[in-house]
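Note: hydrogens, waters and symmetry copies are ignored here, and every other heavy atom, side chains too, is used. Numbers restart at 1 for each chain; the letters A, B, ... are given by sequence-line order, proteins then strands.
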Number of protein chains: 2
Amino acid sequence: METEKRNQIATEVLSNPRNQQEEVQALQDTLYVLGGKWKLPIINSICNGNKRFRDIERSIPGITTRMLSKELKEMTANQLIKRTVTAETPVIVEYTSTEYCRSFGDIILEMIRWGKSHRKRLKGSAD
Amino acid sequence: METEKRNQIATEVLSNPRNQQEEVQALQDTLYVLGGKWKLPIINSICNGNKRFRDIERSIPGITTRMLSKELKEMTANQLIKRTVTAETPVIVEYTSTEYCRSFGDIILEMIRWGKSHRKRLKGSAD
DNA sequence: CAGCATCCCAGGGGATACTG
DNA sequence: CAGTATCCCCTGGGATGCTG
């Protein structure tokens with residue numbers, strides 16, 4: 001194996017230390033926005049067309065109403081999603097994704113792809 | 001705006017409910033492996049060629065020795081990185097990425113890209 | 001259905017100090 | 001340099017129950 005050859009994620013960009021600082025910051029920014037266990041699954045769910053509270057809830061294994069409620073509120077405040085109330089006798093609330101929200105699409109796709117590729121490893125090997 | 005047109009991240013795949021279950025699971029798997037504040041920055045750092053403890057530490061703003069130590073140990077156990085001891089008078093330890101580790105490359109790239117694009121928004125708007 | 005309120009706990013994670 | 005050890009706090013997040 002070539003010890004010389006540095007492990008690099010990308011090409012020239014990352015080899016520049018000056019750039020690396022930027023990269024790290026950018027990465028941490030993203031991690032900050034996406035922090036927590038549920039934001040990405042929620043975004044994913046809504047982007048997939050789920051609009052109603054219960055629908056979203058059911059589409060995400062393991063989430064509780066409390067968490068969904070909290071995140072939804074926070075994400076609405078952060079312009080990630082839009083909350084719309086339609087009827088009011090039996091209240092109908094709908095959540096939809098904003099452009100901002102959809103900007104996570106590629107990240108989510110990559111993560112789904114990764115998850116699929118490595119599913120066996122998660123089960124196969126002892127922790 | 002077309003209410004008909006579902007917000008979709010991808011094309012045909014996601015429109016199938018059967019598939020969606022898989023996607024969610026895959027997403028959550030990935031989130032599980034990558035959980036926490038530091039794993040991705042650490043992976044990124046090591047993949048960028050940082051090998052020594054101090055170097056990695058310095059390359060990640062905000063991380064503490066404790067956290068780095070903990071994560072490094074865990075990630076070594078999980079085959080994400082490899083730990084090699086060279087000299088022993090002044091102990092020299094080097095961390096290098098495994099193939100498995102590098103499989104996160106695309107995710108990291110996407111997140112860096114996102115972070116760069118949305119930097120202004122993070123500062124511009126009040127939380 | 002669409003949530004809010006409460007209770008409660010594990011553990012993620014920071015600060016600081018110490019060792020080989 | 002390369003960590004380990006403690007102390008300690010906060011909050012993410014689960015369970016459960018209640019309201020409009």
message: For a quick check of understanding: with a heavy-atom distance under 4.0 Å over all strands, which category does A:S69 fall into, base, sugar-phosphate or nothing?
response: sugar-phosphate
field: Between C:dG11 (P) and B:K39 (NZ): distance, integer Å
entry: 14 Å
task: Return the value, rounded to whole Å, for the distance between atom NZ of A:K70 and atom P of D:dT11.
output: 10 Å
Flag, side chain of B:S59 to backbone of B:I56, donor-acceptor distance under 3.5 Å: yes
- prompt: Can you tell me how far P of D:dT4 sits from CG of B:L72, to the nearest Å?
  reply: 9 Å
query: Does any N or O in the side chain of A:T30 come within less than 3.5 Å of the main-chain N or O of B:G115, such that one atom is a donor and the other an acceptor?
result: yes
message: Main chain of B:N50, side chain of B:D55: is a donor-acceptor contact present, judged purely on distance under 3.5 Å?
response: no
statement: Rounded to whole Å, the CG-P distance (B:L68 to C:dG13) equals 13 Å
Whichever of B:V91 and A:Y95 has its nearest DNA chain C nucleotide further upstream toward 5': A:Y95
task: Walk me through it: do A:Y95 and A:K51 pass the test side-chain contact (heavy atoms from CB on, under 4.5 Å)?
output: CA-CA 5 Å; A:Y95 295 94; A:K51 298 170 185 298; 5.7 Å; no
query: What's the CG-P distance between A:D55 and C:dG3, to the nearest Å?
result: 12 Å
message: Return whichever of B:R83 or A:I63 has its heavy-atom-nearest nucleotide of DNA chain D closer to the 5' end.
response: B:R83
field: CA sep, side-chain torsions, deciding dist, call: B:R119, A:D29, side-chain contact (heavy atoms from CB on, under 4.5 Å)
entry: CA-CA 8 Å; B:R119 170 161 283 273; A:D29 286 352; 2.9 Å; yes
- prompt: Can you tell me how far C1' of C:dA2 sits from CG of A:N50, to the nearest Å?
  reply: 15 Å
- prompt: Taking N and O atoms by type only, does the side chain of A:R66 place a donor or acceptor under 3.5 Å from a partner on the base of D:dG14?
  reply: yes
- prompt: So which nucleotide from C:dG13, D:dG13, C:dC1 ends up closest to the side chain of A:K37?
  reply: D:dG13
- line: Among D:dG14, C:dG14, C:dG3, the one nearest any side-chain atom of A:V93 is C:dG3
field: Between P of D:dG3 and CD of B:E94, the distance in whole Å
entry: 11 Å
- prompt: Taking CD from A:E71 and P from C:dC4, how many angstroms apart are they, rounded to a whole number?
  reply: 13 Å
